[in-house]
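Encoded as structure tokens, the structure appears first; notes follow it.
Chain letters run A, B, ... following the sequence lines, proteins first, then strands; residues in each count from 1.
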Amino acid sequence: MSEPILMKGNEAVAEAAIAAGCRYFFGYPITPQSEVLEQLARRLPEVGGAYVQAESEVSAINMVFGAASAGARVMTASSSPGISLMQEGISYIASAQLPAVLVNIMRGAPGLGGIHPSQADYFQSVKGGGHGDYRLVVLAPSSVQELIDHTVLAFELAEKYRTPVMVFGDAMMGQMMEPVVLPDTEPYPVHRPWATTGMKGGRGPNIVHTLYLPADKLEQHCQRLFAKYAEIERNEQRSVQYLTEDADIVVVAFGIMSRVARAAVEMAREHGIRAGLFRPVTLWPFPAAALREAASQARLVMAAEISMGQMVEDVRLAIQGRVPVTLFNRIGLVPNPDEIFERIRKEAREVQLVNG
Amino acid sequence: MAKGYQRPSTLLDRPWHFCPGCNHGIAHRLVAEVVEEMGMVEKTVGVGSVGCGVFAYEYFNFDGIGPSHGRAPAVATGVKRVLPDHLVFTYQGDGDLAAIGTTEMVHSAVRGENITVIFVNNTLYGMTGGQMAPTTLTGQVTTTSPRGRGREQGFPFRVSEMLATLEGAAYVTRVALFNPAQVVRAKKAIRKAFEVQMQGLGFSLVEVLSACPTNWGLAPLEALKFVEEKMLPTYPLGEFKVPEGVKA
Ligand SMILES: Cc1ncc(C[n+]2csc(CCOP(=O)(O)OP(=O)(O)O)c2C)c(N)n1
């Protein structure tokens with residue numbers, strides 16, 4: 001284990017990618033993500049890789065498509081508007097079953113929005129974004145250390161399942177500095193006998209494509225993709241729970257919001273309110289069964305997110321109407337813990353967990 | 001002496017899906033022949049496009065990629081950066097390259113990306129049924145310029161002339177396929193472009209003027225005449241950029 005060092009979130013993502021064996025990065029500048037590409041522009045040539053500054057996010061994601069087809073471990077990173085431009089490419093990457101890691105350091109939106117922290121791209125990435133039937137694995141780290149760990153995990157999942165994986169950050173996590181330890185484990189191996197690397201050794205042509213004109217072929221293709229997605233749903237649901245065993249109120253939050261929510265839960269406990277935190281770590285696959293279980297004795301479930309309410313829909317689906325689900329949300333900032341605590345206290349009064 | 005028709009090993013034994021008189025089959029064949037003659041079969045990655053060339057990978061007997069509409073040069077960039085000693089080319093129509101994919105094409109040239117673009121200019125969108133393209137001739141009738149391309153629809157896009165102004169573009173040429181002599185010239189141009197790439201000299205593009213009898217509403221022979229008589233005045237043949245000291 002190496003010594004802890006102080007690192008900015010965006011730089012940590014870049015270093016984690018290198019540690020995970022990624023040698024190719026294609027990207028386009030956008031605040032609050034730009035340090036990822038600046039760091040990789042500096043570092044990749046040092047480690048025998050290549051950084052290409054694309055002319056747009058549309059091009060960047062298609063360069064990722066090409067590099068992944070050619071057998072390389074590859075990544076791109078952007079922020080919300082740039083991720084919007086990548087959606088067609090993500091659909092193609094998912095259909096062609098290419099391993100690739102995509103990082104979204106989310107910022108305020110819609111439109112040009114702002115450069116504040118945000119979680120409002122949940123629908124876009126967790127529910128689809130691009131055209132057609134595909135799923136995107138979405139990981140939601142909550143610290144700079146987890147940005148590192150989840151970037152490494154993203155490469156592993158991408159390789160194992162031949163599928164694109166997205167790591168969600170936000171403007172605060174991308175910009176903040178925390179002590180971290182970089183991994184010193186061997187990168188997950190790259191084994192891609194299907195890659196278009198030239199027909200060496202007398203094999204037939206390898207083809208990477210997404211066109212299935214005969215209807216039955218397209219249906220088979222979608223069935224194959226979804227058999228794989230079902231396996232991912234079985235194996236890869238991840239979540240973290242804090243004080244949920246006896247919780248009357250379960251707060252559900254991911255990413256940076258989960259840290260604030262945890263502090264709010266502690267404040268509630270100090271005030272005699274049995275609150276707990278359920279934190280989805282994989283947003284797709286959403287840990288629905290674990291959440292249902294964690295909330296089995298709860299009187300109220302409260303989704304807390306930096307959007308007008310997106311994850312809350314998955315929370316409702318998981319809870320299946322067994323208890324009321326409410327939403328705490330803010331836009332353009334990460335709220336203080338006491339704001340969430342006040343809301344927990346108000347809700348507690350309403351469900352008559354505490355008196356006046 | 002004279003050899004009969006022989007299929008190069010780089011072309012699979014499959015019937016073309018192209019319409020009678022379409023030049024895509026000839027263009028495919030020339031690319032395949034050059035790959036074979038250069039001994040690059042084990043080191044070639046062909047990147048197709050979306051258009052009538054969409055099934056390129058079903059014909060070529062080497063590794064192939066089917067990218068999204070217009071993005072082939074970006075995909076080829078990704079491949080080439082990973083496999084710098086491989087021959088990487090794109091095969092694109094004029095809608096794919098000169099409309100939706102203009103950015104990717106121009107910026108691959110701006111970066112001097114060591115890839116080759118085979119650009120098949122048939123003045124319209126063939127696959128989707130003959131709509132107007134940026135390359136449609138002035139006055140030309142298409143399904144979306146039913147009164148002929150006029151002032152409101154703009155002017156023909158001379159891709160090769162434009163690219164030749166870029167430092168990163170090493171070799172840019174326009175060829176045609178309307179008679180056997182032109183076909184021979186076209187093949188030489190493809191060979192030269194591939195050699196420029198393998199020498200690491202930068203971006204290369206071969207624009208191939210190509211007949212589309214179906215969407216032009218012409219018989220195959222008339223369509224070849226259309227290329228010669230109607231396309232050449234707007235799209236003159238020749239080399240627009242040749243790197244110094246390219247070995248012939
Ligand atoms: C994003 C997107 N837009 C539109 C299309 C539909 N489309 C398929 S092929 C094509 C035009 C192809 O024309 P061209 O590139 O000139 O090639 P040709 O068929 O003439 O050889 C279009 C518009 C698509 N596949 N994807």
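Ion pairing between A/Arg203 and B/Asp63 holds under the 4.0 Å rule for side-chain N and carboxylate O.
Residue B/Tyr57 comes nearest to A/His209 through the heavy atom pair OH-ND1, 3.1 Å, listed as atom of the first residue, atom of the second, then distance. Scanning both residues, B/Ala74 and A/Ser59, for their nearest heavy atoms gives CB-O, 3.6 Å. Here the closest heavy-atom approach between residue A/Ala70 and residue B/Val82 is recorded as O-CG1, 3.8 Å. Nearest heavy atoms, B/His69 versus A/Tyr92: N-OH, 4.2 Å. The minimum heavy-atom distance linking A/Thr196 with B/Leu83 is given by the pair O-CD1, 3.6 Å. In plain terms, the two heavy atoms of B/Asn61 and A/Met199 that are nearest each other are O-CE, 3.1 Å.
Heavy-atom contacts from other residues, nucleotides or ligands closer than 6.0 Å to NZ of B/Lys188 number 12 or fewer. Annotation: B/Glu37, atom CD; neighbour count of heavy atoms from other residues, nucleotides and ligands within 6.0 Å is above 12. Crowding of A/Glu46 atom CD: a count of heavy atoms from other residues, nucleotides or ligands under 6.0 Å exceeding 12. Atom CD of A/Glu219 has 12 or fewer heavy atoms from other residues, nucleotides or ligands within 6.0 Å. The environment of OH in A/Tyr51 is crowded: more than 12 heavy-atom neighbours from other residues, nucleotides or ligands sit within 6.0 Å.
With hydrogens and angles ignored, the 3.5 Å screen pairs a side-chain donor or acceptor of B/His86 with a backbone N or O of A/Thr197.
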Item to complete: Could you please spell out the steps behind the side-chain contact (heavy atoms from CB on, under 4.5 Å) verdict for A/Val58 and B/Thr103?
Response: CA-CA 10 Å; A/Val58 175; B/Thr103 311; over 6 Å; no
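With a 4.5 angstrom heavy-atom cutoff, B/Phe60 touches chain A only via backbone atoms. For chain A, the nearby parts of B/Val41 are the backbone and the side chain; heavy atoms of each come within less than 4.5 Å. With a 4.5 angstrom heavy-atom cutoff, B/Thr44 touches chain A only via backbone atoms. Neither the backbone nor the side chain of A/Ile61 comes within contact range of chain B, judged by heavy atoms closer than 4.5 Å. Neither the backbone nor the side chain of A/Ala60 comes within contact range of chain B; no heavy atoms are under 4.5 Å apart.
If you take CD on B/Glu58 and CD1 on A/Ile207, they are separated by 8.0 Å, rounding to the nearest 0.5 Å. Summarising the geometry, atom CG belonging to A/Asn206 is positioned 10.0 Å from atom CD1 belonging to B/Ile65; distances are rounded to the nearest 0.5 Å.
Between chain A and the options B/Ser68, B/Gly48, B/Ala72, heavy-atom pairs under 4.5 Å are most frequent for B/Ser68.
Proximity of A/Met63 to B/Arg81: side-chain heavy atoms (C-beta onward) are nowhere separated by under 4.5 Å. B/Glu104 is listed as a side-chain neighbour of A/Glu55, based on a closest heavy-atom distance under 4.5 Å.
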